[in-house]
S.K.: 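Before I ask anything, let me first share the structure, which is written out below as structure tokens.
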Amino acid sequence: MDLKITPLTGSVGARVEGVSLDSLSDEEFAAIREGFLKHQMLVFRGQHAKPATQIEFGRRFGKPVVTAMLDPLEGHPELVQITKVDKETTATEAWHYDAPFVEVPAKISILSAVTVPNGGDTMWSNQYAAYERLSDGLRATLDTLKVRFRGIRLARMMKHTGEIPMAVHPLVRTHPETGRKALYLGHRENACIDGWTQEESNQLLEWLYAQSVVPDNIYRHQWAVGDLVMWDNRCTMHYAVHDYDEQPRALNRMTLEGEVPA
Ligand code: SIN
């Protein structure tokens with residue numbers, strides 16, 4: 001097997017080389033799965049994955065699910081195309097997990113780069129490390145809290161006029177496959193600690209966000225056409241940088257059904 005997995009930072013992310021997602025053996029898949037659980041997000045350069053390849057690869061990890069309020073890509077109901085949205089209204093230029101505002105949030109997201117601008121990078125943070133760096137005393141308190149997540153920013157971006165999805169999840173969730181604990185945070189209007197005022201909640205959540213995304217806890221990816229990147233929403237947050245003005249940007253995204261966070 002030529003497959004090689006190399007860490008991209010000391011904290012989160014790894015590059016996978018020596019493999020074609022068009023013809024993946026079971027042995028290669030097992031190595032990718034192990035690397036994914038270890039590094040939380042993986043980068044495959046130069047794959048140029050057609051929708052069918054992306055879908056088949058994703059299905060090996062779980063059942064496709066389309067995020068509430070997003071429209072599937074025509075001809076490929078398992079995919080959504082993430083395209084340029086005005087900087088003022090985009091919901092993805094903020095640290096977030098995909099769809100924490102539903103009862104069963106997506107566990108994994110997979111992006112395949114179709115059109116990339118100069119800029120438009122995406123960043124990921126390690127939410128295990130964000131939790132593990134805190135003191136025993138604070139961790140014990142956070143372990144008892146829940147967050148009320150709402151899909152307000154996504155609804156605004158999608159001009160969604162129906163009911164705003166909402167779900168309550170633990171602020172610290174245990175990864176069902178690794179057994180490790182990770183912070184599961186919400187942001188400002190999108191989230192409030194259950195039983196706290198919005199103002200009280202903002203103070204703590206903003207502080208936890210700031211601790212989560214310190215430079216030594218993130219990986220920043222510069223996209224090239226043909227890249228495929230996958231990440232674990234149970235233990236990472238991500239942030240799409242909107243610094244590319246009028247240039248087009250399009251990435252096909254697949255998300256996989258997860259578990260009720262616990
Ligand atoms: C997302 O938030 O799922 C999309 C990330 C990106 O556009 O880079």
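Numbering of ligands and ligand atoms starts at 1, following listing order. This is a predicted model, so every value here is computed, not measured. The figures here come from the full heavy-atom set of this structure, side chains too, leaving out hydrogens, waters and symmetry mates.
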S.K.: Knowing that exactly one of Tyr97, Trp95, Trp124, Tyr219 qualifies, which makes a side-chain contact (heavy atoms from CB on, under 4.5 Å) with Thr236?
M.R.: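 Exactly one pass, corresponding to Trp124.
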S.K.: Please determine if Arg33 forms a cation-pi arrangement with Phe61, meaning its NZ or CZ atom is less than 6.0 Å from the six-membered ring centre and no more than 45° off the ring axis.
M.R.: no
S.K.: Going through the checks in order, is the side chain to side chain donor-acceptor pair (under 3.5 Å) test met by Tyr128 and Gln40?
M.R.: CA-CA 10 Å; Tyr128 292 137; Gln40 305 150 50; 6.0 Å; no
S.K.: Just by distance, no angles: are the side chains of Asp22 and Thr53 close enough, under 3.5 Å, to form a donor-acceptor pair?
M.R.: yes
S.K.: Does the side chain of Val116 come within less than 4.5 Å of Asp227's, by heavy atoms?
M.R.: no
S.K.: I'd like the residue list for ligand 1, meaning every protein residue with a non-hydrogen atom under 4.0 Å from the ligand.
M.R.: Ile82, Thr92, His96, Asp98, Leu111, Thr122, Trp231, His238, Ala240, Arg249, Arg253
S.K.: Do Arg234 and Pro261 have side chains that approach each other closer than 4.5 Å (heavy atoms only, starting at C-beta)?
M.R.: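 Arg234 vs Pro261: side chains apart.
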